[in-house]
Student: 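Submitted below is the structure of interest, expressed as structure tokens.
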Amino acid sequence: MEPALHPEERPEVSMSEASDRTAAPETQRWILQHPAYRQMKDLEVQDSAQVHAAFLVYMDLTEVRQWKEVSCVKSHELELVLLEGREKEGAPIQTVLPLPVHRSLCHKSIRQVLDRGFPMLLCAVASDSTLVYQRMTDGLVTPDPPVGPFQDVGRRQHRKRRQQR
């Protein structure tokens, strides 16, 4: 049994430090018990950082963006968790590849995901849980024209002024 410390001998701990110590395990615990996280762990992907990234993207898609029918699948070739879902009811299924930002990706990996036959989103997950989505396509896609009452006021207008002088 340890001797009791007098109040002046106890190490000082601020309230925020004390709450951080108790909040961290609780925060981690709910993630570990979440059904989607357990399902991802059951896929037996060895990269725990990628599994964590997939869970964060899953939560963003389902809770924030309100995607429908979101599920997780394992890419056996890449040893990664992929997410599949619909942006809205009746929309086509899309594949989402969640990756931590420190993880590299090659063209062959992107090709294997695109070959699944669904439109693909790459989601980079930063260490602070920031998510950045990038739509990936099979081949080049021309950009949509600008929307609005835009006029080309580039070099043509300057040429007209010179010719009028």
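For clarity, every value in this text was computed on a predicted model and none was experimentally measured.
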Student: For residues P98 and V81, report the shortest heavy-atom separation together with the two atoms involved.
Tutor: CD-O, 3.4 Å
Student: Which other residues belong to the hydrophobic cluster containing V141, where Ile, Leu, Val, Met, Phe, Trp and Tyr are joined when side-chain heavy atoms lie under 4.5 Å apart, directly or via other members?
Tutor: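 Its cluster partners, ordered by chain and number, are none at all.
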Student: Any idea which heavy atoms bring Y37 and I31 closest together, and the distance?
Tutor: CB-O, 3.2 Å
Student: How far apart are the C-alpha atoms of L83 and W67, what are their side-chain angles, what is the distance that settles it, and do they pass the side-chain contact (heavy atoms from CB on, under 4.5 Å) test?
Tutor: CA-CA 11 Å; L83 300 172; W67 276 37; over 6 Å; no
Student: Same cluster for L78 and V51 if Ile/Leu/Val/Met/Phe/Trp/Tyr side chains link at under 4.5 Å?
Tutor: no
Student: Mind checking side-chain contact (heavy atoms from CB on, under 4.5 Å) for R111 and listing every partner two or more places apart, or none if nothing turns up?
Tutor: L114, D115, D138
Student: Ignoring hydrogens, what is the shortest heavy-atom contact between I110 and M136? Give both atom names and the distance.
Tutor: CD1-CE, 3.6 Å
Student: Say whether V70 and V45 are linked into one hydrophobic cluster, either directly or through other cluster members, by side-chain heavy-atom distances under 4.5 angstrom.
Tutor: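 V70 clusters together with V45.
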Student: Linking I/L/V/M/F/W/Y whenever their side-chain heavy atoms sit closer than 4.5 Å, directly or via other members, would V132 and V101 fall into one cluster?
Tutor: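 No; V101 is not reachable from V132 via cluster members.
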Student: Not counting sequence neighbours, which residues clear side chain to side chain donor-acceptor pair (under 3.5 Å) with D128? List them please.
Tutor: T130
Student: I93 and P119: which non-hydrogen atoms are nearest, and at how many Å?
Tutor: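 What the structure gives for the nearest pair is O-CD, 3.2 Å.
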Student: Checking E77 now: which residues fulfil side chain to side chain donor-acceptor pair (under 3.5 Å) with it, not counting sequence neighbours?
Tutor: S75
Student: Can you tell me which residue pairs pass the salt bridge (charged side-chain N to carboxylate O under 4.0 Å, His left out) test with a partner in residues 51-61, sequence neighbours excluded?
Tutor: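 Pairs touching residues 51-61 that pass the test: D60-R65.
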Student: Give every residue pair that meets the salt bridge (charged side-chain N to carboxylate O under 4.0 Å, His left out) criterion with at least one member in residues 32-49, sequence neighbours excluded.
Tutor: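 Applying salt bridge (charged side-chain N to carboxylate O under 4.0 Å, His left out) to every pair that reaches into residues 32-49, excluding sequence neighbours, yields D47-R103.
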Student: Just to verify, what does H102 make a side-chain contact (heavy atoms from CB on, under 4.5 Å) with, not counting sequence neighbours?
Tutor: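 Only A49, P100 meet the side-chain contact (heavy atoms from CB on, under 4.5 Å) criterion with H102.
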Student: With sequence neighbours excluded, what pairs up with K68 under the salt bridge (charged side-chain N to carboxylate O under 4.0 Å, His left out) test?
Tutor: none
Student: Check whether any side-chain heavy atom of L80 sits under 4.5 Å from a side-chain heavy atom of V113, and report yes or no.
Tutor: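 In short, these two side chains do not touch, never coming nearer than 4.5 Å.
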Student: Establish whether Y58 and L56 are linked, either directly or via other cluster members, by ILVMFWY side-chain heavy-atom contacts under 4.5 Å.
Tutor: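 Y58 and L56: one cluster.
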Student: Working note: L97 + L105, criterion side-chain contact (heavy atoms from CB on, under 4.5 Å); need CA distance, chi angles, decisive distance, verdict.
Tutor: CA-CA 11 Å; L97 171 56; L105 190 65; 4.1 Å; yes
Student: Measure the shortest side-chain to side-chain distance between K74 and M40 over non-hydrogen atoms and say whether it is less than 4.5 angstrom.
Tutor: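 Result no, sub-4.5 Å side-chain heavy-atom pair not found.
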Student: Measure the shortest side-chain to side-chain distance between V125 and H52 over non-hydrogen atoms and say whether it is less than 4.5 angstrom.
Tutor: no
Student: For the residue pair V57 and C123, what are the closest heavy atoms and their distance?
Tutor: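 It is CG2-SG, 3.5 Å.
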Student: Establish whether V96 and V64 are linked, either directly or via other cluster members, by ILVMFWY side-chain heavy-atom contacts under 4.5 Å.
Tutor: no
Student: Drop me the distance from L43's CG to L82's CG, to the nearest 0.5 angstrom.
Tutor: 9.5 Å
Student: Once you round to the nearest 0.5 Å, how far does OG1 of T95 lie from CG of L122?
Tutor: 12.0 Å
Student: Enumerate the side chain to side chain donor-acceptor pair (under 3.5 Å) contacts for residues 80-90, please, sequence neighbours excluded, ordered by first and then second residue.
Tutor: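 Matches after skipping sequence neighbours: E69-R86, E84-R116, E87-Q94.
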Student: Please give me the minimum heavy-atom distance between A36 and F55, naming the atom from each residue.
Tutor: CB-CE1, 4.3 Å
